[in-house]
Amino acid sequence: MASTQPLDRVVIRFAGDSGDGMQLTGDRFTAESAILGNDIATLPNFPAEIRAPQGTLPGVSSFQLHFADFDIVTPGDRPDVLVAMNPAALKANLGDLPHGGVIIVDTADFTKRNLARIGWDSNPLEDGTLGSYKVHALDLTHLATQAVEGFGLSRKDASRTKNMFALGLLSWLYSRDNDATISFLQTKFAGKPDIRDANIAAFRAGHAFGETTEVFEFRYEVAPAPMKPGRYRQVSGNLATAYGLMAGAYKAGMELFLGSYPITPASDILHELSRRKDVGVMTFQAEDEIAGIGAALGASFAGALGVTTTSGPGMALKMETLGLAVMTEIPLVVVNVQRAGPSTGMPTKTEQADLFQAIHGRNGEAPVPVLAARSATDCFDTAVEACRIAVKYRTPVIMLSDGYLANGAEPWKLPDLEAIEPIVPGYATEPNSTNDKGEPVFLPYERDPETLARAFAVPGTPGLEHRIGGIEKANRTGGISYDPDNHDAMVRLRQAKVDGIVADVPDVVVDDPSGRAKVLVLGWGSTYGPITAAARRVRLGGRDVATAHLRHLNPMPANLGDVLRRYEQVIVPEMNLGQLAQLLRARYLIDVHSYSRVRGLPISLGELETDLIAEIDAREEGGAA
């Protein structure tokens, strides 16, 4: 029997054809790890093509899980263990596996034809290609079909249980609990008893195979991670965003209305909110992106909290209506789950290249607050904050997420809804001025002196009839105006309102443990994980580095300029060609160094660590000289 060894962390990547169930397998192993109490971070990676040809490199789907007995912030750079279900999966992922890494590979499809299809002239399991790895070559397909041969399944359906066999094997290898997965399979396939029983049998057979075979020298354990007391659940960024939008509407006492058109990778927000009629959520799956935002804006005009969700291509289509929301000064939340572009780009891959679009992507002077979530769980808090700003300041707000956050999962401590501050809509209920005759009237563009938010009355409120629209408004009265001075005044008022949101933006907090760092690494969005992890490694190596992160990108924190000027070098890692770096240079006249990676993947913390060390050492040598 294999002896058990403790480990502090493991990164596993499951890879196969998109029909091999790798996302389900990875998700179930993640759930088992979360139940055990490990800290977790995941990175699902889907083919960019729908129904990509089987056995080809473009058709490979993978799911990476990092689980540990301590706090982690990334799904890991390189897997310690690669589970490859076919030759294409092995070839596509082999370059990421460090020498000495473990490969568990299904040998069933290693035929000459399949190898030639991906450009291998010989079998890597036999020609020494894998000599520097620990390889366990197993015919998982045959083992799985043997385990389920008594269930009357077709050969194709029987072979599809190989992912559950592999999951059972890995569950044994890393001392996971079986009950949760068995319960999941019983529920998922409750209406298909043969499929249900076969998958459970394959899962149990994989676990038994690990326990009885002598293939594996060791079994491993990763202890639970210390966490604050509370109730936790596994959550993805899209799910957390949906919950945050519901919480924001609840705290404002408003009905939540989502007008949206399905688009990768934002669709899961629509899917989740469509299930929430029980808490008063109304969803409208529109015929296109323009109709989606139009319906959301109409709902906001009627007194609901209008929300629309999309990704980059859809964002481009929504811009005209977003400008209408700026002109009419109506609350609206727009969630952009960024993906690799331009055009269709790589729709299942991640990127941060829509920042310029969010801040400047409208005709005319049309300022909009912009926020960005830093992690899957932070999507909840950022969505609540977006709702708060939209309602308080009568403005559309753009919330930026990305494909990495949207699909990745983390443990989430369930929030106390009562601890979230209320959001006060403050809708007008009575006239706010008088006319020349001294009669009470309602002026829709009469502004709150503190926030500059305009007065807003729900249509149908007695005595508060008014008109709004896309043509320039006269100050206070809201009438159509072509007066040059009025236009200048209204443009400046709308800008001043957005600038004034800085009063509600917390100061940027710098993590500089020694207080001696000369280099500041500043991030936004999902670069939080790689930056935080890389900084930890740099400090463990005895070097000083400071980090800070921005949630509010427009307006930025009031103290940001002072923070940037405290450091000799400011480095901004981004998954674009340096968009935030350009904004900082222009706004603060500081020589910000752009660290850009545009690969459709999260920034590598290992590469970032190496480059930070080189930068810090160069500065130390320069100072000594």
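Since we're looking at a predicted model, the values are computed, not measured. No hydrogens, no waters, no symmetry mates; every other heavy atom, side chains included, goes into these values.
- For the atom pair T348 OG1 and N407 CG, the distance stands at 9.0 Å (nearest 0.5 Å).
- A salt bridge does not link R374 with E410: every distance from a Lys NZ or Arg NE/NH1/NH2 to an Asp or Glu carboxylate oxygen is 4.0 Å or more.
- Applying the ring pair (Phe, Tyr, Trp, His ring centres under 6.0 Å) test to H549 and every residue at least two apart in sequence or in another chain returns Y528.
- Put simply, the side chain of N576 gets close to the backbone of Q352: a donor and an acceptor are under 3.5 Å apart.
- Under the salt bridge (charged side-chain N to carboxylate O under 4.0 Å, His left out) criterion, the residue pairs touching residues 598-611 are R537-E609, R597-E607, R597-D611, with sequence neighbours excluded.
- With respect to E351, the side chain to side chain contact (heavy atoms under 4.5 Å, CB included) criterion is satisfied by exactly one of L601, V598, D402: V598.
- Among all heavy-atom pairs drawn from V222 and D69, the shortest one is CG1-N, 3.7 Å.
- Counted within 6.0 Å of CG on N363, heavy atoms from surrounding residues, nucleotides or ligands total 12 or fewer; the atom is thus considered open.
- Atom-to-atom distance recorded for K497:NZ and L452:CG is 8.0 Å, nearest 0.5 angstrom.
- Remark: R539 engages D511 in a side-chain hydrogen bond (donor to acceptor under 3.5 Å, both in side chains) (not counting sequence neighbours).
- Counting heavy atoms of neighbouring residues, nucleotides and ligands inside a 6.0 Å radius, atom OH of Y261 does not exceed 12 of them.
- Between Y595 atom OH and L522 atom CG the span is 15.5 Å, to the nearest 0.5 Å.
- Using a distance-only test at 3.5 Å, with no hydrogens or angles considered, no donor-acceptor pair links the side chain of E365 to the main chain of Q495.
- Annotation: salt bridge (charged side-chain N to carboxylate O under 4.0 Å, His left out) contacts involving residues 311-325, sequence neighbours excluded, comprise E289-K318.
- R9 contributes no side-chain N or O that, together with a main-chain N or O of F70, makes up a donor-acceptor pair within less than 3.5 Å.
- For the atom pair CE (M315) and CG (L400), the distance works out to 7.0 Å, reported to the nearest 0.5 Å.
- With a 4.5 Å cut-off on side-chain heavy atoms, L270 and L258 count as touching.
- Among all heavy-atom pairs drawn from P47 and S61, the shortest one is CD-CB, 3.8 Å.
- Under the side-chain hydrogen bond (donor to acceptor under 3.5 Å, both in side chains) criterion, T25 pairs with N163, sequence neighbours left out.
- Taking both residues in full, the closest heavy atoms of S594 and G578 are given as OG-CA, 3.2 Å, listed atom of the first, atom of the second, then distance.
- Residue pairs satisfying the ring-ring contact (aromatic ring centres under 6.0 Å, His included) criterion with at least one member in residues 372-399, sequence neighbours excluded, are listed as follows: F380-W412.
- For the pair M575 and S526, the minimum side-chain heavy-atom distance is below 4.5 Å.
- Within the 4.5 Å cutoff, no side-chain heavy atoms of R78 are placed close to those of V11.
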Test side-chain contact (heavy atoms from CB on, under 4.5 Å) applied to I423 and K392, step by step: CA-CA 7 Å; I423 301 171; K392 180 176 179 179; 5.8 Å; no
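- Heavy-atom minimum distance, F29 versus L65: CD2-CD2, 3.3 Å.
- No side-chain heavy atom of V521 sits less than 4.5 Å from a side-chain heavy atom of E615.
- With hydrogens and angles disregarded, a donor-acceptor distance shorter than 3.5 Å links the side chain of T308 to the backbone of G259.
- Side-chain contact between H552 and I501: absent, with no pair of heavy atoms (C-beta onward) separated by less than 4.5 Å.
- Checked against salt bridge (charged side-chain N to carboxylate O under 4.0 Å, His left out), R551 has the following partners two or more places apart in sequence or in another chain: D378.
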Please tabulate, for the side chains in residues 355-362, all donor-acceptor contacts under 3.5 angstrom to protein atoms that are two or more places apart in sequence or on a different chain.
from: R362; atom 1: NE; to: A366; atom 2: O; distance (Å): 2.9
from: R362; atom 1: NH1; to: A358; atom 2: O; distance (Å): 3.1
from: R362; atom 1: NH2; to: A358; atom 2: O; distance (Å): 3.1
from: R362; atom 1: NH2; to: I359; atom 2: O; distance (Å): 2.9
from: R362; atom 1: NH2; to: A366; atom 2: O; distance (Å): 3.2

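- Listed by chain and number, the residues in a side-chain hydrogen bond (donor to acceptor under 3.5 Å, both in side chains) with R585 amount to none (sequence neighbours excluded).
- Of the possible polar contacts, one joining the Q338 side chain to the S401 backbone as a donor-acceptor pair under 3.5 Å is found.
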Pairs of donor and acceptor atoms involving the side chains of residues 554-562, under 3.5 Å and at least two apart or interchain, shall be tabulated with distances.
from: N554; atom 1: ND2; to: V368; atom 2: O; distance (Å): 2.8
from: N559; atom 1: OD1; to: V508; atom 2: N; distance (Å): 2.9
from: N559; atom 1: ND2; to: V508; atom 2: O; distance (Å): 3.2

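- Expressed to the nearest 0.5 Å, how far OG1 of T547 lies from CG of L520 amounts to 7.5 Å.
- Between V10 and F67 there is a side-chain heavy-atom pair separated by less than 4.5 Å.
- Listed for the Q23 side chain is no donor-acceptor partner under 3.5 Å among the backbone atoms of F46.
- In this structure, the separation between CD1 on I40 and OG1 on T30 is 5.5 Å, given to the nearest 0.5 Å.
- Closest approach of P79 to R13, counting heavy atoms only: CD-NH2, 3.6 Å.
- Looking at I616 and K518, their side chains never come closer than 4.5 Å, going by heavy atoms from C-beta outward.
- Applying the side-chain hydrogen bond (donor to acceptor under 3.5 Å, both in side chains) test to S260 and every residue at least two apart in sequence or in another chain returns T309.
- Applying the salt bridge (charged side-chain N to carboxylate O under 4.0 Å, His left out) criterion to D354, with sequence neighbours excluded, gives no partner residue.
- Under the 4.5 Å side-chain criterion, counting only non-hydrogen atoms from C-beta, R543 is in contact with D617.
- Using a cut-off of 4.0 Å between Lys/Arg side-chain N and Asp/Glu carboxylate O, D504 and R388 are scored as not salt-bridged.
- Panel note: side chain H99, backbone S132; no donor-acceptor pair is recorded below 3.5 Å.
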